[in-house]
Each structure stands twice: as C-alpha cells, then as structure tokens.
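One structure is given below, encoded as structure tokens.
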Amino acid sequence: MPENVRVRYAPSPTGSPHIGNIRTALFNWLFARRYGGQFIVRVEDTDQERLVKGALEDILESLRWLGIQWDEGPEVDGPYAPYIQSQRHKQGIYQHAAEQLIQGGHAYRCYCSPEFLEKVRAERRQQKVQTRYHDPCLDLTAQRRRELEASNTPSVVRFAMPTEGVTTVHDLIRGEVTWQNEVLEDFIIIKSDGFPTYHLANVVDDHIMEISHVLRAEEWLPSTPRHIQLYSAFGYTPPLFGHMPMILGPDRAKLSKRHGSTSVLEYRDQGYLPEALRNFMVLLGWSLDDKTEVMSLDTMVQNFSLERVSKPAAIFDIEKLKWMNGVYLRELEPQELAERMLPFLERDLPPDLLPVDQDYLRRIAPLVQERIKVLTDAPELTRYFFQPELECDPATLVQKGMDAPGTVAALERARDAISAAPSMAHQPLEESLRSVGAQLGLSPRQFFGALRTAVTGRTASPPLFETLEVLGRERVLARLKAAAQKLAGG
Ligand code: GLU
C-alpha cells in the first residue's frame, strides 16, 4: 500500500482544460484520497509563448465544479508555495538548478543558432542518422566560451545525456520501459529567454515538493527517460511513475470536438451534472470491476487503485455520458433538481418570465424529472408553467372527432368543475374530471387532450392532473377561459 502519498496535477495554462487533462487531475486526486495523501496543483507556465489568458481560471474552475479540492496549490498555498512556476522562476530556483548541473558536468551552454540546428537536422534526416547528434558546443574551450559570453551570443542550456547504456522506467501501469540512451538528444533545460523548459522545472519541482508518484498521461512517457536522467544527475531519488492510457474517440482517432468532446466548462454550460461527468471520466481508463458503471464518489475513493488502470486506450463515448447524465438527473431529490435547473432558467428563459418563483419551481421539478436529459432542457420543458399567456394554436385544441363548439363547451365544463373542486389535489380532481368527460360523451383522450393543450399549449406534457395541481387553480381557470375564447372567436 503506497505511503506518504503526495501527487500533483501540473497543468499548463494553454487553454480551457479538456476531459483528458481533468481525467489526470481526477485520477491523482482519487489516488491521494484513497491513500490518505496530499493532492497538489502546480501550474506549469514557463512556456510563455503558449500561455492563454484566462486558462488558469478555467482550470481551477473546472476542478472546483467537479469537486476536486486541492490540498496545496494556487489560492490555498501550502508549505512549498508558490505553486506557479513563473513565480518560482523569479526566485531563481531553476537557474540555480541549471548552474548546479553545469558545475557537475551534466549540462552545458549551447550557442548554436536555431537556423544552424535546423540545417543539421535536415541533413541527418536525409542521411537517416539515428544516433545522437554530437553538439559542437560540448567541445568548446574555456577561452571560446568566454568570448561567446562577452559578445552576448544567445545561448540555451542543454542537458548532457549519457552517450551509452539504457534508461529504464518501472512504470506502475505500463511495466518496464527501456530506452537506448544514444538515441536521446541533449535536450534544452534553459531556453534563450532564460526560462526553464518543462523538463527541468517539472523535475526540480517534483523533487522540492516531495512528490511521491507522478501519474500523468501516456503522452509524457517519452519525456520520462530525460526526467530519470535529470534526477540521477542531481542525485535525487526519482518519484514513482505511472502513465495513464490515452483517450480516443469511438473510431479510435485522437479525441476531438468531432467526437463531441469539449472543454469541461462547456459540459457544465451544456447542462451536464458534475457528478455525472466525474463518474463518466473515472471510467476512462479505470474500472471498479467488469460491470459497474454508476457509482458514488465514496465507492470511487475507497476503491481507486493503479492496478485497475488499463493499459489500452480508453474510448470516449458521448452517448454514454448523455445516458449517465440522465441517470444522475433522475436520482436527484426534486428539491435539488430545482436548484440545479435554476441557473439555466435564469440564463435562458425570456427576461419577462424572471425572476423564477423558487417555491413554484420546486413543485415543477418532479414533473419534468423523467424527461430532462441535460439541464439546458429545463427552460423549454418548463416554460409554460411561467408564461402569463400561452401562444397556442386554436386548431390544436380541437381533438379528433370533435369540433370547435364542442371543444369550447368541454373547456367550459372543465372550468366549472375545477372552480367547484374543494382543492386542486390531483387525485380527486382527476376523478371529477373523468366523470365530466364521461357525461359529455367524450373519450378521455379527447377531453384530456383538449384540456392539456389549453393549459400547457402543448400536445405532450407531464402527467396532466399533477400539472393542473402545480399550475394552481387561478392559472388553470384563466388558461381554460383564454383557450375557449380563442376558439369561440376564431
Ligand atoms: N505541464 C504538463 C502538462 O501540461 C505536465 C506533465 C506532467 O504531469 O509531468 O500536462
């Protein structure tokens, strides 16, 4: 059983996070919770060119919305603050580390221009050279270095990878993976702008922050031998590594918008419940057993382990997410459903129907619970409850086998029965309206069809008598009257 667990989610703020990014956060968080460890958020923003404004806020908001609380990181800080690499850079942490490597002979300044290197690469490609390029800057004399420095020649710092042997990672998910060192390049650790690259900052911080397990997406596996060599050059014990499977679309292509995948915050805005998305995401590469799909957060926390993280790619299926959202929506207490629907009503109902009466909404919610698939359905499913006047086409009031005068008479009889009813409780109301229909010689389909259209403006609605009860006597009577008038006048 893993001990002293400290794991991190290390996003780069290069855009609004997608399912894949946040799946990494979720797995790390579950791992920390399962083993009583710490979950850390560290922002890797040293690639200044790729920064996107607002991305960090979106990352933190995605985590908050999904209930993934971080123990250390932005906003909450912690013993290793700051947790934002650009701020750590200002403290000289990475420069200092690079100097240490240069002193120890594990890194060197390289003055080659990007154009020169591009030319070399092209030649090597043409000649199909597989082995490592020997950087001439490795062999510069001290005198020549001084001259280059004195003339302010731009430079980067490169890590000097061992030229022989192999680097092996014992991956907790993928098993043993080995690389021949001679095919690994001397990678940059400090760029010409003085900022560290991902590799350096990542390793330095994982060490300083005492990260026990690096759990990240499979795309980072090729970086791992570099990281292992960095740890070794520093004389640090590396953390344990686990690379999580890729996420592909049902056609096994890289996940994209085409598969319905969008940023996490877009799912929120499209009316998905965070608990449904979380449950959906946990199954992208992990399983409880061979069958369980819907499970509580407690079940995930108590059972999450790397042993059940799969090696093959996980398949993202938007239909499954939709289905799962429906399951979670139907499980909500009606009161809770009303609260979840409220922001969507406030966002999408016409302004003249606002503000929403929340007591009324709580009574409406159970009526639409069976039919709602995403919270964005709420305005359309409930609008007629709030409208002062319905825009209904008189022709739809007249049911098969009836005519306009007969329909007007039926609506008037219904009005009388409803005004005389002792209450709007749906059961007695149903009984009395059934007998009115029978007295009029109308089938339930005819009589209730006319009633439904008159009070909801629609030909399909939640159960009619519950709807009448929730609408309340005043609204129902007014709507019946308006419908009869429209029909009589039309
Ligand atoms: N900053 C990297 C990213 O954007 C982190 C990779 C890692 O976890 O080491 O995903």
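This is a predicted model, so every value here is computed, not measured. Remember, it's 1-based here, ligands and their atoms both numbered in the order they're listed.
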With a 3.5 Å cut-off and no angle check, do the side chains of Tyr111 and Glu149 form a donor-acceptor pair? yes
Arg125/Glu118 ion pair, N-O < 4.0 Å: yes
For residues Glu72 and Tyr83, is any side-chain donor paired with an opposing acceptor at under 3.5 Å? yes
Under 4.0 Å from ligand 1, counting heavy atoms only, is it the side chain of Tyr198, its backbone, both or neither? side chain
Got the closest protein heavy atom to atom 10 (O) of ligand 1, with its distance? Trp220 CZ2, 3.3 Å
Within the 4.0 Å heavy-atom shell around Asn202, which atoms of ligand 1 are there? 7 (C), 9 (O)
Got the closest protein heavy atom to atom 4 (O) of ligand 1, with its distance? Ser12 OG, 3.2 Å
What's the shortest distance from atom 8 (O) of ligand 1 to any protein heavy atom, and which residue and atom give it? Arg8 NH1, 2.7 Å
heavy-atom search around atom 5 (C) of ligand 1 in the protein gives Ala10 O, 3.2 Å
By side-chain contact (heavy atoms from CB on, under 4.5 Å), which residues pair with Pro11, not counting sequence neighbours? Tyr9, Val41, Ile59
So the atoms of ligand 1 within less than 4.0 Å of a heavy atom of Glu44 turn out to be 1 (N), 2 (C), 5 (C)
Are His227 and Tyr198 near enough that their ring centres are under 6.0 Å apart? yes
List in chain and number order the residues that pass side-chain contact (heavy atoms from CB on, under 4.5 Å) with Glu164, two or more places apart in sequence or in another chain; answer none if no residue qualifies. none
